[in-house]
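Reviewing the structure listed below.
Numbers here are sequence positions counted from 1. Just so you know, these numbers use all the heavy atoms, side chains as well, and skip hydrogens, waters and symmetry mates. Just so you know, ligand 1 is whichever comes first in the structure, and atom 1 is the first atom listed for that ligand.
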Amino acid sequence: MNVAVLASGTGSNLQALIDASARHLLGPARLVVVGVNVPGCGALARAQAARLPAFVIDHRDYSSRGAFDQALIEALRHHAVELVVLAGFMRILTPRFLDAFRTRVINVHPSLLPAFPGVNSQAQAFRHGVRISGCSVHFVEDGVDSGPVIAQTAVPVLDDDDEERLRLRILAEEHKLLPSVVRAIAEGRVSVEGRRVRVQAQAPIRVTPSES
Ligand code: GRF
């Protein structure tokens, strides 16, 4: 399955996918292209260091969201993309984009959705005083961070936490959760019924004793 990653920032989640791919932990998922909307961002440098095809489509060069999304669609189609992973991609996509990749767009978000959607979720959770936060990977629909949740990892808020420590512990969990979901989708283990998503467990590895 041809996978594209769209990012705007540091790109540590992109790096987690690159590393998982190098360790053959993405199953049949193949990273075929990275797209960024911020020239010079860390994600672009990581893509180049990994020798992945990459493109920059700067939203400021487009007069409307629709025109920006159309440029993205064309760039992704050029690479025959089948799954789009939003990994810190800070643009809201229009229905035009989502229709082009229907049920094939996922996003990683640093909270246990539906709590704390939008930006600065880790700080929102910390300031709210929740005892457990975490991260979610979900299908993207119209609306911000609102599509069906595929998988989540809980991260406890510790008594001596601050916003930054909590953010980093959540980020470390994102780096495990996102590759595992990409693999599950590529292996055909994810099904959706309305808002409910089912992820079948990976088949156990069978070890056949060698005859000697
Ligand atoms: C992550 O926390 C992700 O959940 C959020 O933006 C952050 C991106 O981090 N949407 P990185 O660019 O992958 O390091």
Side-chain angles (χ1 to χ4, degrees), residues 3-22 25-26 29 31 33-50 52 54-59 72 83-93 97-98 105-128 130 132-157 161-185 197:
V3 178
V5 180
L6 298 183
S8 307
T10 317
S12 68
N13 277 291
L14 165 65
Q15 190 65 52
L17 290 166
I18 291 170
D19 294 346
S21 176
L25 294 176
L26 289 187
L31 300 178
V33 67
V34 174
V36 306
N37 66 311
V38 178
C41 69
L44 182 62
R46 290 179 194 266
Q48 288 164 341
L52 282 174
F55 62 81
V56 182
I57 296 183
D58 188 338
H59 57 281
L72 276 182
L83 175 68
V84 181
V85 178
L86 308 183
F89 187 62
M90 302 304 285
R91 303 298 300 168
I92 294 173
L93 296 165
F97 184 94
L98 298 175
V105 186
I106 64 171
N107 180 46
V108 59
H109 182 79
S111 76
L112 292 179
L113 290 170
F116 310 116
V119 293
N120 296 328
S121 308
Q122 309 93 324
Q124 287 184 54
F126 184 80
R127 289 176 202 161
H128 192 88
V130 297
I132 297 176
S133 191
C135 53
S136 308
V137 178
H138 63 95
F139 285 111
V140 177
E141 285 184 345
D142 305 351
V144 177
D145 303 323
S146 59
V149 170
I150 306 167
Q152 295 181 305
T153 303
V155 174
V157 181
D161 258 348
D162 57 27
E163 287 176 15
E164 181 60 6
R165 274 202 291 266
L166 179 61
R167 185 184 76 79
L168 290 174
R169 288 210 319 288
I170 292 174
L171 191 60
E173 294 303 327
E174 293 180 44
H175 296 163
K176 295 183 231 164
L177 191 64
L178 184 59
S180 75
V181 169
V182 169
R183 179 178 189 155
I185 291 174
V197 179

With sequence neighbours left out, the residues meeting ring pair (Phe, Tyr, Trp, His ring centres under 6.0 Å) with F97 are F101

Quick check on ligand 1: any N or O pairs to the protein under 3.5 Å? One line per pair.
from: ligand 1; atom 1: 2 (O); to: E174; atom 2: OE1; distance (Å): 3.2
from: ligand 1; atom 1: 2 (O); to: E174; atom 2: OE2; distance (Å): 3.0
from: ligand 1; atom 1: 4 (O); to: V108; atom 2: O; distance (Å): 3.2
from: ligand 1; atom 1: 4 (O); to: E174; atom 2: OE1; distance (Å): 2.6
from: ligand 1; atom 1: 4 (O); to: E174; atom 2: OE2; distance (Å): 3.4
from: ligand 1; atom 1: 10 (N); to: V108; atom 2: O; distance (Å): 3.3
from: ligand 1; atom 1: 12 (O); to: T10; atom 2: N; distance (Å): 3.4
from: ligand 1; atom 1: 12 (O); to: G11; atom 2: N; distance (Å): 2.8
from: ligand 1; atom 1: 13 (O); to: S12; atom 2: N; distance (Å): 3.3
from: ligand 1; atom 1: 13 (O); to: N13; atom 2: N; distance (Å): 2.8
from: ligand 1; atom 1: 13 (O); to: N13; atom 2: ND2; distance (Å): 3.0
from: ligand 1; atom 1: 14 (O); to: S12; atom 2: N; distance (Å): 2.8
from: ligand 1; atom 1: 14 (O); to: S12; atom 2: OG; distance (Å): 2.5

Taking the side chain from E141 and the backbone from P148, do they hold a donor-acceptor pair closer than 3.5 Å? no

Under the side chain to side chain contact (heavy atoms under 4.5 Å, CB included) rule, collect the residues that match up with E164, sequence neighbours excluded. D162, R167, L168

How many angstroms lie between CG in D19 and CG in L14, if you round to the nearest 0.5 Å? 9.0 Å

Main-chain N/O of S121 paired to S111 side chain as donor or acceptor, under 3.5 Å: no

Taken in chain and number order and not counting sequence neighbours, the residues that satisfy salt bridge (Lys or Arg N to Asp or Glu O under 4.0 Å) with D58 are R60

